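See structure below.
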Amino acid sequence: MANFAKPDGPRFSVDVYQNEYLPEGGSQVDAIVTVTASGGGTLGGAPAPGRPSAAVAVMVDCSGSMDYPPAKMRGAREATAAAIDTLRDGTRFAVIGGTHVAQEVYPGGGRLAVADATTREQAKQALRRLSAGGGTAIGTWLRLADRLLSAADVTIRHGILLTDGRNEHESPEELRATLDACAGRFTCDARGVGTDWDVKEVTGVASALLGTADIVADPAGLAADFTRMMETAMGKEVADVALRVWTPLGATLRFVKQVAPAVEDLTHRRTGAGPRAGDYPTGSWGDESRDYHLSVTVPPAGLGQEMLAARVSLVVPQPDGTVQNLGAQGLVRAVWTDDMAASTAMSPQVAHYTGQAELAQAIQQGIDLRKAGDFDGATAKLGRAVQLADASGNADTAKLLAKVVDVVDAATGTVRLKTRVTEADEMTLETRSTKTVRVKK
């Protein structure tokens, strides 16, 4: 394990969990890499003295559907006001109203406000004038947020996006182009209120911009959710942290996935970082811990030989094109042995997160099959999901699954599809399918 203390910020550490022993001819090496940032004074969302500056843009859906029922628009106004109250003094912020176009609600003029008692009150007054009408083009909201946030000389740039409907006024290609353009420029949490929005659109926004996604089926829950999101955003201290992975000549990195607190495949987000090294974006960090699964194919070697299969470090890009190495480093090893017990044992951490990744995939496939009318296929996939959730102790996911299937035997994955499932229950399961539980120590 290696540690690095960022001046006036958290201390980063890297721990590697693996079974490094391979049988003769073996070539696949798997490891769980735990990255922890601690000691930054941010636990519980409490601000610490001398904290780095941040800028936040809150994007509120103001399309016509937000008035049906009126509680949605009212809940959105109250939630945004609660988020504004959670901003610490000195934070730059803006509120954007989103329809088929994006409008500056506060402060306007292409500017960001600086949070204090006066600007918070002014922003809440501006929120009272929000009304619903028009269509939905989420990409326009994100592009305006990007323009506003990029103008601020701050450490952390973050967005919060709320929508209640489908992105009907721009093509999927237009939204994807916007997400590609905004990736790496700011992080964004996305929320769907009610049940008329598209899960894959909302989770796609959060995935591309390294934020969180969730459903708030009842508008009454928005204020508490927005407050938690803003507290988390205020706890971030280091932006644009990348996981740098080096592999030796002849080795191939099969994949890099975040596996806790949620599954997120980072493999295709690699950017080159010199000979045999690549950087994988992880976004902004406060006091927190995340787990990553690395899988490497190495050239087979003789019995008793060992090699470094991968070296993992943390870096932060700098404005001048260089990177700041955070010093924390972890080593993934490969050792060839004829001890069958050693070479066939699976690391508990690797086994656990392999199951969690399969759990997320089984839920998503099961829901897609159910929507397509393939009830036998859906039953098989959701039954496997129940079995995996039970085996790994993922109680939250097990409860969500029990609202979609009747569980006959969790241990064997024997289930029956429920004949009546509320849209909210199905969307909640789909939206939260990638959330994982940490491995039991």
Side-chain angles (χ1 to χ4, degrees), residues 1-4 12-36 242-260 263-280 282 289-315 325-359 361 384 387-388 391-392 436 438-441:
M1 179 179 78
N3 296 289
F4 173 80
F12 284 85
S13 65
V14 173
D15 293 282
V16 176
Y17 301 94
Q18 67 164 136
N19 175 17
E20 63 265 39
Y21 294 103
L22 299 177
E24 185 174 14
S27 61
Q28 184 173 319
V29 181
D30 287 274
I32 298 301
V33 176
T34 297
V35 178
T36 303
L243 199 68
R244 175 164 289 183
V245 182
W246 172 93
T247 50
L249 189 64
T252 303
L253 197 57
R254 297 177 61 236
F255 61 75
V256 177
K257 296 178 183 177
Q258 177 184 284
V259 287
V263 177
E264 187 66 58
D265 194 344
L266 302 176
T267 308
H268 303 297
R269 302 192 189 187
R270 175 187 176 104
T271 56
R276 300 190 298 281
D279 290 346
Y280 299 85
T282 68
S289 181
R290 306 180 201 171
D291 293 335
Y292 299 88
H293 184 176
L294 272 60
S295 186
V296 185
T297 301
V298 296
L303 293 175
Q305 300 226 286
E306 64 176 87
M307 70 176 292
L308 181 61
R311 182 172 60 243
V312 181
S313 57
L314 299 171
V315 299
N325 194 314
L326 297 185
Q329 180 175 276
L331 304 178
V332 179
R333 300 170 62 236
V335 180
W336 284 266
T337 179
D338 57 3
D339 183 335
M340 184 172 293
S343 64
T344 57
M346 195 169 187
S347 159
Q349 288 83 0
V350 171
H352 174 82
Y353 286 122
T354 299
Q356 293 287 284
E358 185 188 350
L359 169 60
Q361 185 179 51
R384 176 59 175 157
Q387 185 181 34
L388 290 164
S392 64
T436 57
R438 305 300 290 270
V439 64
K440 297 174 183 176
K441 300 296 183 184

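What you see below is based on every heavy atom in this structure, not just the backbone, and it leaves out hydrogens, waters and symmetry mates. The structure presented is a predicted model; accordingly, all values stated were derived computationally and were not measured.
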As an exercise, state the distance from [atom1] of [X] to [atom2] of [Y], rounded to the nearest 0.5 Å.
X	Y	atom1	atom2	value
Ser13	Leu314	OG	CG	9.0 Å
Leu303	Leu22	CG	CG	11.0 Å
His293	Leu266	NE2	CG	13.0 Å
Arg276	Thr252	CZ	OG1	12.0 Å
Arg244	Thr271	CZ	OG1	8.0 Å

Give the intermediate values and the outcome of side-chain contact (heavy atoms from CB on, under 4.5 Å) for residues Tyr292 and Val245. CA-CA 12 Å; Tyr292 299 88; Val245 182; over 6 Å; no
Taking it one step at a time, do Glu358 and Arg384 satisfy side-chain contact (heavy atoms from CB on, under 4.5 Å)? CA-CA 9 Å; Glu358 185 188 350; Arg384 176 59 175 157; 2.8 Å; yes
Donor-acceptor check, side chain of [X] to backbone of [Y], threshold 3.5 angstrom: yes or no?
X	Y	answer
Thr267	Val256	yes
Asp279	Ala273	no
Asp338	Glu24	no

Do [X] and [Y] have side-chain heavy atoms sitting under 4.5 Å apart?
X	Y	answer
Gln349	Asp291	no
Arg438	Thr34	yes
Val259	Thr436	no

Minimum heavy-atom distance [X]-[Y], with the two atoms named:
X	Y	answer
Gln18	Leu331	OE1-O, 4.1 Å
Leu253	Val296	CD1-CG2, 3.5 Å
Pro248	Ala309	CD-O, 3.2 Å
Ser289	Thr36	OG-OG1, 3.0 Å
Thr337	Ala342	CG2-CB, 4.4 Å
Ala334	Val29	CB-CG2, 3.9 Å

Regarding Ser295 and Asp30, do their side chains bring together a donor and an acceptor under 3.5 Å, going by distance alone? yes
Is it the case that Ser392 and Gln356 place a side-chain donor and acceptor less than 3.5 Å from each other? yes
Between Arg290 and Glu264, does any side-chain N to carboxylate O distance fall below 4.0 Å?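 Judged by the 4.0 Å cut-off on N to carboxylate O distance, Arg290 and Glu264 do not form a salt bridge.
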Quick one, Leu294 with Val312, criterion side-chain contact (heavy atoms from CB on, under 4.5 Å). Give me CA distance, side-chain angles, the key distance, then yes/no. CA-CA 10 Å; Leu294 272 60; Val312 181; 3.5 Å; yes
Could you tell me whether Tyr21 atom OH has more than 12 heavy atoms of other residues or ligands within 6.0 Å of it? no
Could you walk me through whether Arg269 and Tyr280 pass the side-chain hydrogen bond (donor to acceptor under 3.5 Å, both in side chains) test, one step at a time? CA-CA 6 Å; Arg269 302 192 189 187; Tyr280 299 85; over 6 Å; no
Report the C-alpha distance between Asp265 and Lys257 in whole Å, list the side-chain angles of each, state the deciding distance to 0.1 Å, and finish with yes or no for side-chain contact (heavy atoms from CB on, under 4.5 Å). CA-CA 4 Å; Asp265 194 344; Lys257 296 178 183 177; 3.9 Å; yes
